[in-house]
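Chain letters run A, B, ... following the sequence lines, proteins first, then strands; residues in each count from 1.
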Amino acid sequence: QDSIYVPLLTYRTGAFAGSGIHIADGMRDYLTMLNERDGGIGGVKLVLEECETGYDTKKGIECYEAVKSKNPVVMNPWSTGITLPLIPRAAVDKIPILSMAYGLSASADGQTFPWVFNPPATYWDGLSQIISYLGTKEGGLDKLKGKKIGYIFLDAGYGREPIPLLEQLAKDYGFEVKFYPIAAQDMQNQSSQWLNVRRDKPDYMVLWGWGAMNGAAVKEAARTGYPMDKFYSVWWPGDDDLRATGEPAKGFKSLNWHSADGNYKALADIKKHVVDKKLSQANPDKVGEVLYNRGVYNSMLIAEGIRNAQKVSGKKVVTGEDVRRGLETMDINADRLKEMGMEGFAQPIKLTCADHNGHLATFMQEWDGKKFVKISEPIPPMVDKVKPLLDSAAKDYAEKNAGWPKRSEACDKAS
Amino acid sequence: MLYNVLIDPFVMMGSAPDLLIQTLWEGLVAGVLYALIALGFVLIFKASGVFNFAQGIMVVFAALTLVGLHEMGVPALLALILTIGVMFILAVTVERVVLRPLVNQPDIILFMATFGLTYFLIGFGELIFGGNPKQMIAQELYLPQGSTDLDLFGGLVRFQHIDIAAAVIASLIIAVLAVFFSKTRIGRALRAVADSHKAALSVGISLGQIWVIVWFAAGIVALVAGIMWGARSDVSFALQIVALKALPVLILGGFTSIPGAIVGGLIIGVSEKLGEFYWGGLVGGGIETWLAYIIALLFLLYRPQGLFGERIIERI
Amino acid sequence: MFYREAGQFKTTYAADMAIFPLREDRIGLAVIIVCAYALVFTGNSFLLQAVMIPFLVFSLAAIGLNLLTGYTGLLSLGTGAFMGVGAYACYKLTTAFPGLNIIICILASGLFSAAIGVLFGLPSLRIKGFYLAVATLAAQFFLQWCFIRVPWLVNYNVSGAIEAPLRTLFGVPIVGATATPETRYLVVLTLVIGLTWVASNIVHGRIGRAWMAVRDMDIAAELIGIRLLRTKLLAFAVSSYYCGVAGALLVFLWYGGAEYDVFNINQSFFILFMVIIGGLGSLIGSFMGAALIFILPIILGMVMPAILSPFGIGITAATVEHLRFMIVGALIIFFLIVEPHGLARLWQIGKQKLRVWPFPY
Amino acid sequence: MSQAIPTPAGVPAPDAVLVVNNIEVIYDHVILVLKGVSLSVPQGGIVALLGANGAGKTTTLKAISNLLHAERGEVTKGSVVFEGQRIDKLSPNQVVRRGCIQVLEGRHCFGHLTIEENLLTGAFTRRDGNAAIKADLEAIYDYFPRLRQRRHSMSGYTSGGEQQMCAIGRAMMSRPTMILLDEPSMGLAPQVVEEIFEIVQKLNVTQGVSFLLAEQNTNMALKYATYGYILETGRVVMDGPAVGLRENEDVKEFYLGVADGSQKSFRNVKSYKRRKRWLA
Amino acid sequence: MRPFENPVIPQRETLLAVENVSLAFGGVKALTDVSFDIRKGEIRAIIGPNGAGKTSMLNCINGFYHPTHGSITFKGEKRRRMRPSAAARGGIARTFQNVALFKGMSTLDNIMTGRSLKMHKGFFWQMLRYGPALKEEAGHRRVVEDIIDFLEIQHIRRTPVGKLPYGLQKRVELGRALAMEPELLLLDEPMAGMNLEEKEDMSRFILDVNQHFGTTIALIEHDMGVVMDLSDRVVVLEYGRKIADGTPQEVKRDEKVVAAYLGVAH
Ligand SMILES: Nc1ncnc2c1ncn2[C@@H]1O[C@H](COP(=O)(O)OP(=O)(O)OP(=O)(O)O)[C@@H](O)[C@H]1O
Ligand SMILES: Nc1ncnc2c1ncn2[C@@H]1O[C@H](COP(=O)(O)OP(=O)(O)OP(=O)(O)O)[C@@H](O)[C@H]1O
Ligand SMILES: [Mg+2]
Ligand SMILES: [Mg+2]
């Protein structure tokens, strides 16, 4: 066998396809580009296979089982619901899980979860970044005192996860929080929660949605006349979500950690080697948009993980075990980014045995009516607030799952 | 506690009447939209006793076809006409392929068949139009945009023009359908078919013709619902989930009644919004998902056939 | 010809009342069970883990729903939620009593869903048919809401999810990540066979007849002295019990961890369709329905690319999925047209034909 | 034994409106119910179809009106000719349009429609205007005064007999040229039974409507019919002019209940338990 | 064997007394002030034109309808409202005008359901279908097989009743009612849609049940031959009112009955 098998769990169908398609395209195109341009990684071709999950846990697990026997080097579940059941299996099946900025936040703790990686930031990081951005805008975090922040979220584990931190921050900085849960089946039917928003008149709104919920939330905000420039979101809204509302959505802001345009050599290569050769399923216009680039970033992490694995193991054809080590020793610095043709595409990131996340500083971007533009410098997360939460969550997980194995995997030096 | 449940909400209503009016209006609008989806169910149920699980996907499919055609460069109005044509073809196909061979089968079997249809339409729709959400071409269809803000009771109450349009169109459709089904011989035949396929066949009612008519009507209603919902959020397969909301509406209004669909829709819409707005906060919000069902359930305990549903005949 | 009952005489009523009075049936069943156990030796973990375990779990849930909808005629759209109750109950039990045998936990968790099922079954005395679906829908949405909103249910996990902890039976891990597919499969298979046997006993006796009487004509049933409310509630209880156990198995022996969303309305529909396509009022049908609705798409997903690629059709995973939806939809309609009473009836007719073979009738 | 009159199987009488030619019917793909039934109804005739329970009378009528399909039955052999044209491939509503309508056994009224609406659905295929339909409606009410009283009640709540009248009236509303009547007398009071047969005769004489009746009340049926067929387990075992059948000894004993020249008493049933089976 | 002519029955105790029962549905008066009694061991016929209220009367007796006025006394117990299942437990069984069998079940199972009231083994044993439950089941099965033999329907034991011809369905229905071992058996047009032969069979069964088990029978039937031959006493309803009550001979001669129901031909 002289190839490396990389399965991609994607969802181009179902209720969340609107977001899933772009991510899938980005992921696939970047890796295809490596195959086309460089003949794979370290001279070894990548064998790519998509498995359609429809964002459904059942199908996701079926996909996992289907690809498991083909020696995958890494799994990208692309859904928190699919990630959770896979976490305990990863160590047993020796396949690392890369859940990029989703999944179980606690899995940032590499000592407890040697097989799970969720770079570059956790939801707790994201929330703290939004709050500190608000703080700077107000002229200091202490100025948040007495302010009212509305939190509109998908009523699921994903949307509920930041709540403890949000409550704690509210206590620490003296602001008030209002919660607006949106059930999955009411994603596109949010009017009553927005009535509540109208009544409560929060000073800021924070959005924690996914799929059709994001677009609908922006539309509803425009309908109710909520000032768009006070509306912030975690990193999941894509260009399409905003475009549906168009001009009135101007001023909407969300976090991001990578560029939202296509002016990078790597993306140009994708255009040249993949899109123009009709090897991509993507609509060329979408190359360089937020979610497409998110997919690209995800694949970049995979590729780096594999490259590192080749380095630490000295093998060409690496295994899942090797890629786990590769990911743990990943250090993408500015030089490396430049080498990859991604200079300025994202900040440098470094993972370690203990830290599987990186807690990257993310920046704020704003919708200008046509596209997202970066409007802030990277905002570091509030480590002091986030770290204890992460630690206790990881400990909690290990305790509740009695018999959760202690880390036995050796720790490599960064290569 | 009791104060919070029984008194406080009403105090809130009294103290901010503008919000109350806005809530009522939002409830009415949501109600109209639910009713539009429910109406599609009612038409088909009324004429064949079939609970059409596919109504939700028909809404999506119709809207997607419209938008998809437009994206391919067909002018909006022509796309609308073509979409109506597609819905007609769908009606004929469904009658030929699904209903005709299953005539006189138990309701639940036909229900299941419409599930097969749902699956098929999902696959077909995504195959042709792709899975990504599309924007409704509201402007091109001359649907009004913007809103009117009225100064009422010391606060602004906002009426979206598109919502007003939805209400007007829904009322028109319902009026037309009500007349069509009550004043024509087809209307009577329809109810006969729903009662018994076998007896209807024996008196020479052409089930095929009736079914094509109602499925086509339901298709058009689905298209209208799709346009209206699509204009609110966007056109994607996630819209299908909203269609579930039509269930409590149907149950409340009665499966067989056209006015029932609208009245049920309004009741559910309004009580859901009021409930969420004034009482939801007590338990952390988000009670909208089940409130409608509980309301419908309590109501059914009192009147097992729904508001306007046909009496359930129990004789021996 | 191949299949004949002539010559097999029953000398006691007990023998005649046996669930499989025909020798051929009994032999066939034994062969199937032996084969099912023998699958362990294939060592194919995809087959066991991704096909057989879920198939058995869904079959069990389908049996549960079939007891309610197929045998008692009460339409339920709340199966998903009842499964959820089982799963969450099992989670609470295993974490509250870590020493308790996991099998006991699983079996006991069904009792909780049974209780909840009875509660939501109360309106069934007054509400009938599609209207009854609303009561169960209310259960579906309300319970699902509880799963998210009551942090106690997930032991205050921040992820809002439940995870299956490591549990062993006779020292062998059967729950948790280290349990091998083989042991999990054996446990599931044994439980499903046992519970199926019990279900078959129930439906063939007094209770089953009372259920069917209520289904076929509840007024007449009442007039011959069957107490409707009691009978219907019992059906709700037993059905929910099965669904609850299936839910517990789903999380503990298959997924290993789950969010509330696993038990959504689609799950309810999914099970309902298995029941209908398999055959209302047939236990074998529940298995057949689960096979058709769950396994068929898997097979399609695997064979379709193989079939289509020679024709040079550049087929993507998404297209496969779309075609899969279309084909499954079309097949459902096709099977219904061929035999509206489900695969089980098709099977019976097949047997009937074998019996008279080589003559057409 | 005595097959007094030869069967006209396959040889349509020149003036027959309806000819059933050696049809075979299978339910559910496996249950063979009719094993070659042939019969013919002459223009303006009243033909009785007699036979025990389960002989296949209803099935025969459904095969003619093409309603079998709805019960997962099918005609696998033979043909049905109505007014010179084959109708076995038509849809049920086309058969009704041609003037051949069936009154289903066991009432089958539309329970949620009122009696009057039920009657009006009978006129679904008619195109001759509201006035004519109104007039016919009145005529039906004249035939069945009980229906006039209950015209605005939901038929689901009316008594068994009322539903039976409603079903018959509904069929008459379509102005058929041929009515297939399945057990019209079932559940009707004796007086009404007689009235129904009077109506049948009247329609037959004044409007030339032909009838094929499946009837258990052999006495009545043979009194009004011109010709009769006796079915047994899916085969015609005997047929002949009604008068002839009435005089046949076996028919007398087993269908009419006249033994030794006098009516038997039901009290006395245990004294004889002898059955007649033509196909032993 | 009973004598050929209707016997003069000695005055026996009253099993069921209907007193001044009225029943109305909205504007429709189904029954108006009807009183009659049924004595132990007799065959009591109820006749009358269509829509006279005969079926409604039976429905009142076994609790499916509740009379708006009046009362019904069964075995000395007076009652106004009662659930049908309570009536069944009290010993009233019936058959229905529109066959009300459990269509999806076989003949055997249908008749077995008639035994439900008499089966008591609990859920636990039912689950195992072993020991006491199996014994109980076999015991009842024997009774049911006797009934099947008695009604001569052995050949359709395992057939789903939905597929049986009408006449046999009526017979199975009788079997189900008999399985309840009732004291009072209500038969609603048991012979509708039967030919002579089958009517004879049915008559035989009814007489046998009446004589051998001493079951009291209330019978609605439109075939006058059957009614006159079988019944001990006849009550005649018209438009919900009782217009005559007496022995068959008396009723037959009653002018009102002749005018309302029998017609001149009889
Ligand atoms: N839908 C069906 N599926 C299977 N078998 C059927 C079906 N309908 C009727 N049969 C069978 O066909 C045979 C003839 O039935 P049919 O109803 O034609 O008899 P019939 O002469 O009308 O009897 P009756 O006097 O009771 O009305 C019966 O044995 C019956 O069991
Ligand atoms: N539930 C009900 N609702 C309304 N009207 C009813 C109801 N039940 C019976 N009726 C009416 O009461 C009258 C008596 O009906 P019932 O069924 O008792 O008549 P019957 O004597 O049995 O007649 P048949 O001989 O035709 O069966 C009928 O006119 C019927 O329409
Ligand atoms: Mg018949
Ligand atoms: Mg009656």
Side-chain angles (χ1 to χ4, degrees), chain C residues 5 10 12-19 21-22 70-73 114 125 194-231 233-235 237-238 241 279-282 341 345 348 352, chain E residues 59 62-64 83-96 99-105 108-123 125-130 133-142 144-145 157-158 161-162 173 176-177 179-180 182 186:
Chain C
E5 49 196 326
K10 303 289 172 305
T12 62
Y13 286 130
D16 193 43
M17 274 157 24
I19 286 158
L22 288 191
Y71 282 90
T72 322
L125 188 65
L195 286 170
T196 309
W197 175 71
V198 169
S200 130
N201 284 344
I202 294 177
V203 299
H204 282 91
R206 163 178 68 93
I207 295 172
R209 282 192 300 268
W211 284 347
M212 290 189 274
V214 169
R215 167 195 70 191
D216 286 348
M217 191 166 267
D218 56 350
I219 301 174
E222 193 175 13
L223 290 175
I224 63 168
I226 291 171
R227 268 179 268 216
L228 289 188
L229 185 62
R230 225 200 243 191
T231 311
L233 289 186
L234 184 63
V238 177
Y241 179 86
L280 286 162
S282 155
H341 294 100
R345 177 69 68 83
Q348 253 178 12
Q352 176 78 15
Chain E
N59 282 340
N62 77 342
F64 184 64
R83 290 212 62 80
S85 55
R89 255 168 283 134
I92 303 180
R94 77 175 277 191
T95 68
F96 304 89
V99 181
L101 283 171
F102 307 126
K103 292 217 163 43
M105 301 160 75
L108 196 62
D109 282 344
N110 263 282
I111 302 180
M112 281 296 275
T113 49
R115 304 290 302 170
S116 326
L117 272 181
K118 306 229 160 3
M119 299 176 76
H120 305 291
K121 288 292 167 289
F123 184 72
W125 288 113
Q126 295 288 342
M127 256 166 48
L128 300 183
R129 198 180 165 81
Y130 186 72
L134 201 59
K135 229 164 61 228
E136 182 185 51
E137 181 106 359
H140 288 284
R141 176 71 185 275
R142 187 158 298 124
V144 167
E145 291 289 349
R157 244 209 219 97
R158 302 236 177 240
V161 291
E173 213 182 13
R176 186 180 68 188
M180 293 168 69
L186 312 174

Is it the backbone or the side chain of E:R176 that comes under 4.5 Å from a heavy atom of chain C, or both, or neither? side chain

Output for pair (E:L117 CG, C:I224 CD1), nearest 0.5 Å, gives 7.5 Å

Could you walk me through whether C:N201 and E:M127 pass the side-chain contact (heavy atoms from CB on, under 4.5 Å) test, one step at a time? CA-CA 6 Å; C:N201 284 344; E:M127 256 166 48; 5.7 Å; no

Euclidean distance, E:L108 CG relative to C:R209 CZ, rounded to 0.5 Å: 8.0 Å

Among C:R227, C:R215, C:H341, residue most engaged with chain E (heavy-atom pairs, under 4.5 Å): C:R227

Can you tell me how far CZ of E:R115 sits from CZ of C:R206, rounded to the nearest 0.5 angstrom? 13.5 Å

Quick one: pull up CH2 in C:W197 and CG in E:L128 and give me the separation to the nearest 0.5 Å. 5.0 Å

Per-residue contact mode, C:L234 against chain E (heavy atom under 4.5 angstrom): side chain

Taken in chain and number order and not counting sequence neighbours, the residues that satisfy salt bridge (Lys or Arg N to Asp or Glu O under 4.0 Å) with C:D218 are C:K128

At a heavy-atom distance under 4.5 Å, which candidate from E:L101, E:N110, E:I92, E:N62 has the highest pair count against chain C? E:N62

Let me know if C:A199 has heavy atoms under 4.5 Å from chain E in its side chain, its backbone, both or neither. neither

Heavy-atom count around E:R89 CZ within 6.0 Å, excluding the residue itself: above 12? yes

Nearest 0.5 Å please: distance from the OG1 atom of E:T113 over to the CD1 atom of C:I226. 6.0 Å

How close do E:E137 and C:G205 get, counting heavy atoms only, and between which atoms? OE1-CA, 3.9 Å

Report the distance from atom CZ of E:R83 to atom CG of C:L228, rounding to the nearest 0.5 Å. 7.0 Å

Could you tell me which portion of C:V203 (side chain, backbone, both or neither) has an atom closer than 4.5 angstrom to a non-hydrogen atom of chain E? neither

For E:E136, all residues meeting side-chain contact (heavy atoms from CB on, under 4.5 Å), sequence neighbours excluded: E:M119, E:H120, E:K121, E:Q126, E:H140

Assert top hit (heavy-atom pairs under 4.5 Å, partner chain C, pool E:A133, E:A93, E:S85, E:A88) equals E:S85

List the steps and the verdict of side-chain contact (heavy atoms from CB on, under 4.5 Å) for E:F96 and C:I219. CA-CA 11 Å; E:F96 304 89; C:I219 301 174; over 6 Å; no

